[in-house]
Structures are given as structure tokens and as C-alpha cells.
Novice: 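Quick one: the structure is below, and I'll ask about it shortly.
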There are 2 protein chains.
Amino acid sequence: MTTVLIVDDQPLQRYGFRMLLDSVAETEVVGEAGHGAEAVRKAAELRPDVVLMDVRMPGMDGIEATRQIVAAGERSRVLVLTTFDLDEYVHAALRAGASGFLLKDAHAEELLAGIRAVAAGDAVIAPALTRRILDEFTRYVPAHRGDREREDPRLGSLTDREREILVAIGKGWSNGEIATRFVVTESTVKTHVGRVLAKIGARDRVQAVIFAYDQGLARPNAD
Amino acid sequence: MTTVLIVDDQPLQRYGFRMLLDSVAETEVVGEAGHGAEAVRKAAELRPDVVLMDVRMPGMDGIEATRQIVAAGERSRVLVLTTFDLDEYVHAALRAGASGFLLKDAHAEELLAGIRAVAAGDAVIAPALTRRILDEFTRYVPAHRGDREREDPRLGSLTDREREILVAIGKGWSNGEIATRFVVTESTVKTHVGRVLAKIGARDRVQAVIFAYDQGLARPNAD
DNA sequence: GGAGGCGTCGTACCGCGGTACTACGCGGTC
DNA sequence: GACCGCGTAGTACCGCGGTACGACGCCTCC
């Protein structure tokens, strides 16, 4: 039996959800909330398995409510539901800690499957949104550390020290800065840099930086 | 009617899928392949809407086959199916351009829903995997471009031309190369570069590259 | 003990990258 | 017309980055 808290500012919408969830044996609606603050309070009080959360609400919106519920360490999983598939909503919701994001035009089975998955600790995203999420995923997420066999062989040719140098280059440090931080002379750094460039086939440190990002050795905001 | 190509090295597994897909009106199995190379060939020949792709196969595996099918610009969407939910597989498959990733223990309805979604241009991920994908997503993906207020204000200060220059820098091009491709003199490029560096507060082009990656203006394998 | 990989350091050289400043034509706006 | 932002272009200068050497000490492995 999965307990559910319904959060939506529209009473009629809540009624619809309640009817649906009451009609199946596996879910039980344990409460309703009409805005974010109430949702946070009731989530703490009722400790439902799943919170069905609308995004657009007067006062505290669903994103902020999700953030607070998750931050409070509640056991509840939040499944965000919205009519609009705006990227901002999706991003914000996922970043806020939501376990799922579905569109309100979903079929009953999809919603129930989503609740089931979320309650089990999994996550769901509406297929229409998954495409976009994946595009960004492949664009931004570096090659997985487990992908040993797909790692560029040139990386393997680097010695430990050279790898460190490459990472330092990726941070945008000059040879002098690298020398200072590594407590060696600039000559040494130059020697290493030269070898690194030769090994990875880069013309200059700029291309080395790109290579480093490519291989997941460097990434934004990593300072 | 959705046309499907089944790729799996196990004849019995293929048989199972074919039985399932033949039993519903909306899908039609137009072919089968027992290994990666055959999959690539048949995808080009049969041009199915969806390719049901197994990962582990002798010879060319499903990941590489997916990569080649996608790279060839086939209209087919690839839905990867596997018994093991290893992160490496998931990452590699998505990076290879797969439109979906499901586990073989999925129920028939899930599989059909997945095929339906993929055929429609959407994407699907098994709920059990979505959780992990989302974790990495929130960890790595920077604030969305739609979040105008989160975009670095320095970016907005750039003129269109300067933006192009920054992108070019991000590709690792030298001033001379940029001049050639933009059909201007190197002097002009230098002027632009200097202004870009001043505006974004970068000391040299290396830091400009990092800034570009940071802002999502540049990304690996973008050539 | 010799060989070789690795990290360290030095010298010398040169060219690209970056700075500073000036300048001009074009398209807008006031 | 006057002004200004923008893209274009040039000259002159300097320093960092990168290359090509040679060299030394410290390991490990044979």
C-alpha cells in the first residue's frame, strides 16, 4: 500500500487525482494540500510515501515546496506534475530533488506506474521530456569513470605526473602558476607540458584543455 | 504502424520479442539481426522506425552498432535492451545516441510503451536507471540556458561577433585559423580576442576556453 | 652493476598570443 | 550632420609558451 499526498491549488484537480488513486487498491490518499507551505507541513506530519506535487501554485510554488521537503530529510518521494513542459520547470524540479516529473496529460496507467516507481525509490521522467534531458546529459556529463575501455588510449600513455600537469592545464593555470603550486621550476613544467602535448597530439595548451574536458579530466566549476 | 528491427544474438530471445510484437496491431517486426554488423546493415536496408538493440553480443556489440546507425543518419531510433543495468552500458548507450534504455525484465506493456515513445521521437529510460541518471544530471549539468538570470552577465556583454570568436577559441583554433575561417585578417581576430578576454575577465585564451565550456558555449566533440 | 623509465633542471631560440593605440567605413540614432 | 557602436585593419612591442637539446638523481627490474 502506497500512501500519497496530493498537492494542487485546484480543488477539482485534487478531486480527480483522489478519485483515480482511490479506485485502485495499491494507493491510498492520506491528505491534500492547496499550496506549497501546506504541502511542506503535511508532508512532515503525514509522512506519505509519495507527494504528488503541482508546480504552479499561488504563494510557495511546487519547486520550492519540493526543495524544502527534500531538504528536511523527509522519507517522502516527490513526483512533480505539471501541465507545461517548460525546461525551466523540469530543471528546477529535478535540481530541487524531485524523484519524477510527469505531465498532467499522462494516462492513468502512466501516473500509477510513476507513483509505483517513485515509491520504490526509482525515478521517472515523462518520455516527452526525457529526450531533452538526455541531450543535455550527453552534452554535459563527462565520460563515466567506468568506461575504461572507451577511454582515449592517449590518456594511458601519460605518466602520473603528466596527468597532473594536464589537469592543471585544464584549470587554466600558466606554466609559472603550475610551477609554484607543484613546487618545481618552470623549466620542469615546460618539459612536462611539452611531453603531454606530444603524447596527446595537441598543438598547444588550448587543445590540451579541450582534450582534458573531452576525457572528463577537467570540468566547469571544478575549482 | 511501427516497424521494428530486433537485434539479439540469442534466437530464442528474438523469438520472444517477435511473438510479443506480432501479437499487437501497432507494431510490425520487419527484420532480425544476430550481431552488430548485421544490425547496422539491416537498419540501413530496412529503415525500421525502431531498432530493438541488445547490448552484449559477440563481435560488434550493441553500443557500437548503435553508434554507427546513429552516425549514419538513419531515421531509425535505437532502443537499447539489456539484462544488466551497469552504469557503463547506460552511459555508453546514451552517448552513442540511443533513444532509450530498458531492462529485459520489463513488462510487456513497458516495452510497448517504450517502443511507442521512441517511435514518436521521445525517449525512455527504465525507472530503475533514471534515478542514477538524474543524480549525475543534477551534479554535472549547469543551470539551463533558459535560466536567463543564471547566465553569466559577462556573456551578455559580448557582441555577436565576439561571441563567434569565443566559440572559435573554444574549438582550439589559433588566431590565424580563425582569421582564415572567418575570412578576415589576423589583426582583426586579435582585436576581437583582446576585447573578448577583457570582457569576460580572462587572462588568456586558455581561460577563455574554460569560460566557454562553463557557459555551455563549447563542448567536447563539437567539431 | 647496468639499463631504462621517470621526474627534475638548465640554456637557448623563436614564434604566437596578447596589449596598446590608432584608424576607417558602415549602419544606426538623436 | 553629428554621434556612436561595431567590425574591420594596421603597427609596434613584449613576454609567455613551446621546442630542442643536454644533464642529473632516483627508482625498479633484470
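Each chain gets a letter, A, B and so on, in the order its sequence line appears, and its residues count up from 1.
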Novice: What residue among H35(A), K104(A), R14(A), Q13(A) forms side-chain hydrogen bond (donor to acceptor under 3.5 Å, both in side chains) with D54(A)?
Specialist: K104(A)
Novice: State which of dG18(C), dG10(C), dG7(D) makes the closest approach to the side chain of L197(B).
Specialist: dG18(C)
Novice: Between P on dT19(C) and NZ on K199(B), what's the gap in Å once rounded to a whole number?
Specialist: 14 Å
Novice: Can you tell me the distance, in whole Å, between the CD atom of E164(B) and the C1' atom of dT8(D)?
Specialist: 14 Å
Novice: OP1 or OP2 of dC16(D) versus the side-chain N and O atoms of N175(A): is any pair under 4.0 Å?
Specialist: no
Novice: Looking at dC9(C), dA9(D), dG7(C), which one has an atom nearest to any side-chain atom of R161(A)?
Specialist: dG7(C)
Novice: Establish, from distance only, whether the side-chain atoms of T188(B) and T185(B) form a donor-acceptor pair under 3.5 Å.
Specialist: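 Side chains of T188(B) and T185(B): pair found under 3.5 Å.
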Novice: Please work out if T185(B) contacts a base, only the sugar-phosphate, or nothing of the nucleic acid, heavy-atom cut-off 4.0 Å.
Specialist: sugar-phosphate
Novice: Tell me the interatomic distance from E177(A), atom CD, to dC16(D), atom P, rounded to whole angstroms.
Specialist: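 So the CD-P distance, E177(A) to dC16(D), works out to 11 Å.
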Novice: So, for T82(A) and V55(A), which heavy atoms are closest and what is the spacing to 0.1 Å?
Specialist: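 Result for this residue pair: CB-CG2, 3.8 Å.
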Novice: What nucleic acid atoms does T191(B) come within less than 4.0 Å of, heavy atoms only: base, sugar-phosphate, or nothing?
Specialist: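 Base contact.
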Novice: How many whole angstroms separate atom CH2 of W173(A) from atom P of dG17(D)?
Specialist: 14 Å
Novice: Calculate the interatomic distance between L158(B) atom CG and dG5(D) atom P; express it in whole Å.
Specialist: 16 Å
Novice: Nearest nucleotide by nearest heavy atom, which residue falls closer to the 5' end of DNA chain C, V183(A) or A198(B)?
Specialist: V183(A)
Novice: Expressed in angstrom and rounded to an integer, what is the separation of R195(A) atom CZ from dC9(C) atom P?
Specialist: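 Rounding to the nearest Å, CZ of R195(A) and P of dC9(C) are 12 Å apart.
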Novice: Can you identify which nucleotide, out of dG18(C), dG17(C), dA9(D), has its nearest atom closest to the S174(B) side chain?
Specialist: dG17(C)
Novice: In whole angstrom, what separates K190(A)'s NZ from dA20(D)'s C1'?
Specialist: 12 Å
Novice: May I ask you to evaluate whether T188(A) reaches the phosphate of dC9(C), defined as a side-chain N or O under 4.0 Å from OP1 or OP2?
Specialist: yes
Novice: Can you check whether R205(A) has a side-chain N or O nearer than 4.0 Å to OP1 or OP2 of dG18(D)?
Specialist: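 Answer yes for this pair, as a side-chain N or O of R205(A) is under 4.0 Å from OP1 or OP2.
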Novice: Does the side chain of S99(B) come under 3.5 Å of the side chain of R131(A) through a donor N or O and an acceptor N or O?
Specialist: yes
Novice: Need one value for S187(A): base, sugar-phosphate or nothing, where a base atom within 4.0 Å counts as base even if backbone is also close, heavy atoms only.
Specialist: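 Answer is base: heavy atoms of S187(A) come under 4.0 Å of a base.
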Novice: Measure from the side chain of H192(B), starting at C-beta and using heavy atoms only, and say which of dG10(C), dG17(C), dT8(D) lies closest.
Specialist: dT8(D)
Novice: Is it the case that atom CZ in R203(A) sees more than 12 heavy atoms from other parts of the structure closer than 6.0 Å?
Specialist: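 Above 12, so yes.
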Novice: Give the rounded distance in Å between these two atoms: CD of E186(A) and P of dG18(D).
Specialist: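 In whole Å, dG18(D) P and E186(A) CD are 11 Å from each other.
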